[in-house]
> 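There's a structure below that I have some questions on.
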Amino acid sequence: MQFIDRTRVIVKAGDGGHGKSAFRREKFIPKGGPSGGDGGRGGSVYAVADRNINTLIDYRYTRSFRAQRGENGGSRDCYGKGGSDITLHVPVGTVIADENSGQIVADLDVDGKKLLIAKGGRGGLGNIHFKSSTNRAPRQFTKGEPGEERDLALELR
């Protein structure tokens, strides 16, 4: 097995889902009102120090890691499902630095230490959040926020 002590990876957290603009329509309810749900949050990227791993060989060929995107909101007050998080298992003693700025993001020096590397985006709001006594049929909604994207340098010390 080859010993790899430095590598570069690209991580991308999931984007948040968009909110929905929908209205309740039923047979005997003529003015049902807004019923658009919120979008789900995007998945985040975590790094965990693992004492059972002793090299960065897993990250030599697979260099891009993407977390799942959040679902869009639905009608009938249905909220979107959140995206699943991903975890990068690295050996104990790994230092993670930002490739562009050179700033150290994480120093994983203890077994089991878990740190957030890239945060997922928040989900957007549906039109149910914009109703009021004066605006009973709002048509506005918000879009989901994008997740963080980072170029990282992993170095085993």
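Heavy atoms only: backbone and side chains are in, while hydrogens, waters and symmetry mates are out.
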> Treating Thr142 as the side-chain partner and Leu125 as the backbone partner, does any N or O pair qualify as donor plus acceptor under 3.5 Å?
yes
> Look at the side chain of His18 and the backbone N and O of Gly144, then say whether any donor-acceptor pair between them is shorter than 3.5 Å.
yes
> Say whether, by atom type as modelled, one donor and one acceptor occur between the side chain of Lys113 and the main chain of Asp107 under 3.5 angstrom.
yes
> Tell me the closest heavy-atom pair linking Ala49 and Asp111, and the distance in Å.
O-OD1, 3.4 Å
> Got a second to check how far Ser64's OG is from Lys12's NZ, nearest 0.5 Å?
10.5 Å
> Side-chain contact test, heavy atoms from C-beta onward, threshold under 4.5 Å: evaluate it for Lys131 versus Arg136 and give yes or no.
no
> Roughly how far, to the nearest 0.5 Å, is NZ of Lys81 from CG of Asn72?
14.0 Å
> Would you say that Ile128 contacts Asp77 through its side chain, given a criterion of any heavy-atom pair below 4.5 Å between the two side chains?
yes
> Say you draw a straight line from CG of Asn54 to CG of Asp5; how long is it, rounded to the nearest 0.5 Å?
12.0 Å
> What is the distance from atom OG1 of Thr87 to atom OH of Tyr46, rounded to the nearest 0.5 Å?
8.0 Å
> Any non-hydrogen side-chain atom of Pro91 less than 4.5 Å from a side-chain atom of Leu56?
yes
> Just do the side-chain contact (heavy atoms from CB on, under 4.5 Å) check on Glu99 and Arg8 with the steps written out, would you?
CA-CA 8 Å; Glu99 189 74 25; Arg8 292 172 37 191; 3.7 Å; yes
> Side chains of Leu108 and Val90: does their closest heavy-atom pair fall under 4.5 Å?
yes
> Are any of the side-chain heavy atoms of Asn135 and Gln140 separated by less than 4.5 Å?
yes
> Can you see which heavy atom on Asn127 is nearest to which on Pro138, and at what distance?
ND2-O, 3.1 Å
> Could you work out, with side-chain hydrogen bond (donor to acceptor under 3.5 Å, both in side chains) as the rule, every residue matching Ser132, not counting sequence neighbours?
Thr134
> If you compare all heavy atoms of Ala67 against all heavy atoms of Ser84, which two are closest, and at what distance to 0.1 Å?
CB-O, 4.0 Å
> Return the minimal non-hydrogen interatomic distance between Lys119 and Ala13, and the atom names on each side.
O-CB, 3.2 Å
> Would you mind reporting whether Tyr79 and Lys20 have side-chain heavy atoms less than 4.5 Å apart?
no
> Just wondering, do Leu88 and Val48 contact through their side chains at under 4.5 Å, heavy atoms?
no
> Do Val95 and Ile104 come within less than 4.5 Å of each other through their side chains, counting heavy atoms only?
yes
> Which pairs pass side chain to side chain donor-acceptor pair (under 3.5 Å) with one or both residues in residues 33-42, sequence neighbours excluded?
Asp38-His129, Arg41-Asp85
> Could you grab the distance from atom SG of Cys78 to atom CD of Glu71, nearest 0.5 Å is fine?
10.5 Å
> Under a 3.5 Å distance rule, please check whether Asp15 uses its side chain to pair with a backbone N or O of Arg69 as donor and acceptor.
no
> Would you mind writing out the side-chain donor-acceptor pairs for residues 149-157 within the sub-3.5 Å range, not counting sequence neighbours?
{"from": "Arg150", "atom 1": "NH1", "to": "Ile117", "atom 2": "O", "distance (Å)": "2.8"}

> Whether the side chain of Ser44 engages the backbone of Gly120 through a donor-acceptor N/O pair (distance < 3.5 Å, no angle test) should be reported.
yes
> Quick one, Tyr59 with Phe65, criterion ring-ring contact (aromatic ring centres under 6.0 Å, His included). Give me CA distance, side-chain angles, the key distance, then yes/no.
CA-CA 10 Å; Tyr59 305 106; Phe65 298 92; 5.5 Å; yes
> Pick from Thr7, Ile10, Val11: which one makes a side chain to side chain contact (heavy atoms under 4.5 Å, CB included) with Arg63?
Thr7
> Between Gln103 and Asp98, is there a donor-acceptor pair closer than 3.5 Å when you use the side chain of the first and the backbone of the second?
no
